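The structure appears right after this line, and notes come after that.
Naming convention: chains lettered A, B, ... in sequence-line order (proteins, then strands); numbering from 1 in each chain. These figures come from a predicted structure and were not determined experimentally.
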Amino acid sequence: MNGSMTVLRILPEIIFTLTGVAIMLIDPVMPKQASRKPLGWLAAFGALAALIASLYQYSLPVGTAYFGVVQTDAFSVFFHVLISGIILVSALVVLDAVHPDTESLGELFALMSFGAVGMLLMTSGVELLLVFIGLEISSISTYILAGFRRKTAKSPESALKYFLLGSFATAFFLYGIALTYGATGTTRITDIAAGLATSHALPIAVVGLAFIVIGLAFKVSAAPFHLWTPDVYEGAPSPIVGLMSTAPKAAAFAVLLRIAYEAFPQLQNHWMPLLWILAAVSMTIGNLGALRQKNVKRMLAYSSIAHAGYLLVAFTVLSTDGVAAASFYAVAYAVMNVGIFAVISHAGGYEDRLTLIEDYKGLAYRSPLLGGVMAFFLLSLIGIPFTGGFFGKFYVFAAAIHSGMIWLAIIGLLNSGIAVFYYLRVLTATYTKPMDSSPVLNVPRVSAPLCLAMALTVAVTLVLGIIPGRVLSMARHAAETFPVFSTQQTPVPGTASAVMAAINTKAR
Amino acid sequence: MNSIGPLTLLTALPIAGAVLVLILKRAQKLSRAVAIVIAVAALLATLVLWARFDSAAPGMQFQEVHTWAPSVGLTYHVGVDGLGILLLVLSAVVVLMSLAASWRNASHGPVYFALVLLLEAGLFGTFTALNFLHWFIFWELTLLPAFFLVRLWGGPQRGRASVQFFFYTMVGSVALLLAFLALYLATGTYDFTTLAQMAQNGGLAAALQQNLHWGGWSGGHIALILFWAVFLGFAVKTPVVPFHGWLPDTYSEASSETTMLLTGAMSKMGIFGFLRILLPIFPAQMQEMLTPLLWLAVASIVLPAFAAWRQKDLKRTFAYSSVNHLGYCVLGVCVAAKLTGVDPSLAIEKSAALTGVLLQIFSHGLTAAALFWFVALLERRSGGLRGLEDFGGLRKIVPVFCGLMGIAIFASLGLPGLNGFPAEFLIFKGAFPLAGWAATAALLGLLLTAVFLLGILQKVFFGPLGKGQLETKTDTNSSSLPAAMRDLSTTERFALAPAIALMFVLGLYPQLIAGKMAGTVTQWTTPATSATEAYKTTAPKHNAARLEAASGAWLIHRKAQAGKAQVAD
């Protein structure tokens, strides 16, 4: 393999690194009073370039580079595209929400770019140590971003909580890697499966896997590892919440998928029930918790726990359908969540002027555009047809029913019924005529970057909801990169049991 | 693949209209006029389809098939049989009535009109779709404009009512979706016609047995579970009695013009589901569960009638009366399910019941919409009052209003000569021989309907005028009510006249509808094989190839079934 090819395999990572470094270098030499917004545009263009590079990676042949630690395949590229896209939209949202005089704005954009490097490495890494390093890079960036409003009380508190619990989680993850190494003698994800077959210390591998799952469950805020989520989302600046509730989670889900299906397919009888319980508990706790919230950001935090649960439902399916559904749901969820936080960041502002659901009363009357977009994303989160949320849920539950997970599907669908309540509460608030006596809510003019961000997210959500075929086939293609499924052709609906049987025989 | 048929254009028309109305938002008058014009055009278009609809032919007409998202079994497949075309016309009529009623309501701005048009598009889509997913998308889409119509224009409790409405319907929809996912898994198709064929030749239960491994349940058991899930979806929408909790609040809190749409057109989505999905796809399960179903039907007839009797609010009374009337439809469908398959002995009763159901669908839509229109007119004149006790002796002040509303009330209680009578008569004619006890019990509902409707007539139209009323009302702000009341204006009379005329026409000449329905009813009452042939032969020639493709799935399946049957022999 020639040298240029190796570089191409980590091209998006390189672009993000260069963008971050460039921002760090330019920031100090800019005059003190000058607006830092050009740096934001630089970050956005960096993300756009990374997005294009990720799309370009689809044309690369499947293969590894740098001593086999990174792998380019349909799966990693799928998540590269998603994460680059999220960073792009988030950069636009931050550009819109912050004041020109916000302190150390340059650092904020640099951290976003560096965090993206970590997330991308998580999805393309096939060496657990590299995945760990990627996880740390992305986590540390998000810890700092969460505490970016230093002068408020809540933001540093949120950052500290996030940091302490997050460190525990990464420690669990690292310990899990160590135990896996002890049991199998390798940390390469692709070799672990072979190592397990000859391992004499399977129980240690099981414990290692459990630790890895705990570490990742924390990162995706699956219940019962979710306790940090509401506090952190409440305290962190809204535009950052839009980012950190989607991109790091998508990356962590990708890692979990890869580890579960590529490294430990033999242990599926161990991890499948575990994920089943995580899924059921996350959906239920997330939705019940969200019902009681008065603060929009806390409500969306609980809703993100619930959505992590829906996504985990697809994990338990053990077929290409399941992995494809999980990947598709990750896209649908990420797009609508980034979209709704774009509106919240604009209406609430960087300083969180509006936090309660009541504050959103009459938003649609003050700004029909913002109200309409907000309503659209709420409907998508509910799962109304013609939005990405509908087909996301549809695929997940279809896959679950395919593989006989009837109870999980029923729990999930009941939960999506509960979810209607709290989303509608916000929706009705936005469309309630405000009292004359209530304080006038000043919604600043919608700026160009926000328009762009909203247009992008709305368009993608609509595409996912009306013509989902292409994205789904990409997700399916991504799922087929796992060797567990490679012996199978694309399963025709109705033959999910056949795939299951194939996995089972392989496992034995 | 690219030719666009009349049904697609029909669905697109109100959407285009809604967009146009929103564009012209600034010019209030003009945009509202545009909305009315679009509604009239939609009605004319449905009438043209009605005229060109071949009444004798069974099966779907005006069919259209396009690929949409084949990977998930989503096909764009539309077509109408008698049921579909009837509901298209009804939706167009009710939407036009509702918009006409809103014309003088100043609070209903262009956005309201646009939402109503969107709702109309959703209804058209629902009533023409023949692929479950495609149908489901429209089914859910009608919920959105309806939710906003209730949420934004209505009484003080509208927020709670709209959320309740949305939530109930969502739960029903979720059950529906779950059941159809399982069906798709087992059969590989979402096509209603194909699924119905499979159900009739026994392929469905076999497929469920073969492809779903749910804890060792047999195909029959799974089918039964799926049946109840689907039933739940429609029972909430229609509604059938224990699932009607959302209805009284929603109907009474929504503005009366919106309630016209909810009861006149949207409640028919549930009955449509019963006839298009439940009866053809789960005939065996309906038969098996006939007794509980009949109990539910009777409960939906009798209990709401009692409830309506006790109400003090005109809108709540009519809301409960709506449940009661749709209960007759459910009864008709249930008794028709008693005899599925080859049993010609009671075919006449069965077709009577089904024709009755179809007549009742239209008749109730028309009457209920008219009644809520009258309530809207009354509310506007009385400043929002609609309690039974608030009025009295209206006949002396507003005779024309009372006369016309009286006709609608009599139509609702089923007076011979008006549209309610032939429908309910046919349903009972079918129900008595097929399920005598249920029909007898349901008669109680008929009696109670007469009691509470005549009660309204007596309290509101007759009774003491002025004096008694003024005495009780002196301390409230409505003391000047009777004096201020105007009778119907000429425009209002002209607007109402066609609806009232239609009640007489349908009462005296029900054949107008029943005649068109003949082919469809025959298809429902005859055994499977002939219907299959009919489905193939009635397809338009130029569409034949596409239909072959669409029906290919079930053909293959049928062959497989036949093969299996031979092996079993």
### Query
What residues of residues 139-146 of chain B sit under 4.5 Å from chain A when only non-hydrogen atoms are counted?
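The residues closer than 4.5 Å to chain A, in numerical order, are B/E140, B/L141, B/L144.
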### Task
With a 4.5 angstrom heavy-atom cut-off, could you sort out which part of A/L427 is near chain B: side chain, backbone, both or neither?
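Just its side chain gets close to chain B.
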### Task
Under 4.5 Å heavy-atom distance to chain B, tell me which part of A/L472 shows up: side chain, backbone, both or neither.
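A/L472 touches chain B through side-chain heavy atoms alone.
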Test item: [X] and [Y] side chains (from C-beta on) under 4.5 Å apart, heavy atoms:
X: A/F394; Y: B/F136; value: no
X: A/I382; Y: B/M170; value: yes
X: A/I384; Y: B/F147; value: no

### Task
Name the option with the most non-hydrogen atom pairs under 4.5 Å to chain B; the candidates are A/F421, A/Y395, A/F390.
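Between A/F421, A/Y395, A/F390, the count favours A/F421.
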### Message
To the nearest 0.5 Å, what is the distance between CG on A/L413 and CG on B/L181?
### Response
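A/L413 CG to B/L181 CG: 8.0 Å, rounded to 0.5 Å.
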### Query
Any donor-acceptor pair under 3.5 Å linking the side chain of B/W68 with the backbone of A/I467?
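Such a contact is absent between B/W68 side chain and A/I467 backbone.
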### Message
For A/Y431 and B/F148, take the angle between the two ring planes, folded into 0 to 90°, and tell me which bin it lands in: parallel under 30, tilted 30 to 60, perpendicular over 60.
### Response
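Rings of A/Y431 and B/F148: perpendicular, over 60°.
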### Message
Heavy-atom cut-off 4.5 Å, strictly under: side chain, backbone, both or neither for B/I137 against chain A?
### Response
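For B/I137, backbone and side chain are both near chain A.
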### Message
Please evaluate residues B/L74 and A/F391 with respect to the criterion side chain to side chain contact (heavy atoms under 4.5 Å, CB included), reporting the C-alpha separation (whole Å), side-chain torsions for both, the decisive distance (0.1 Å), and the verdict.
### Response
CA-CA 11 Å; B/L74 175 56; A/F391 271 115; 4.0 Å; yes
### Message
Could you report the tightest heavy-atom contact between A/A409 and B/L178, atom names first, then the distance?
### Response
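Residues A/A409 and B/L178, closest heavy atoms: CB-CD1, 4.2 Å.
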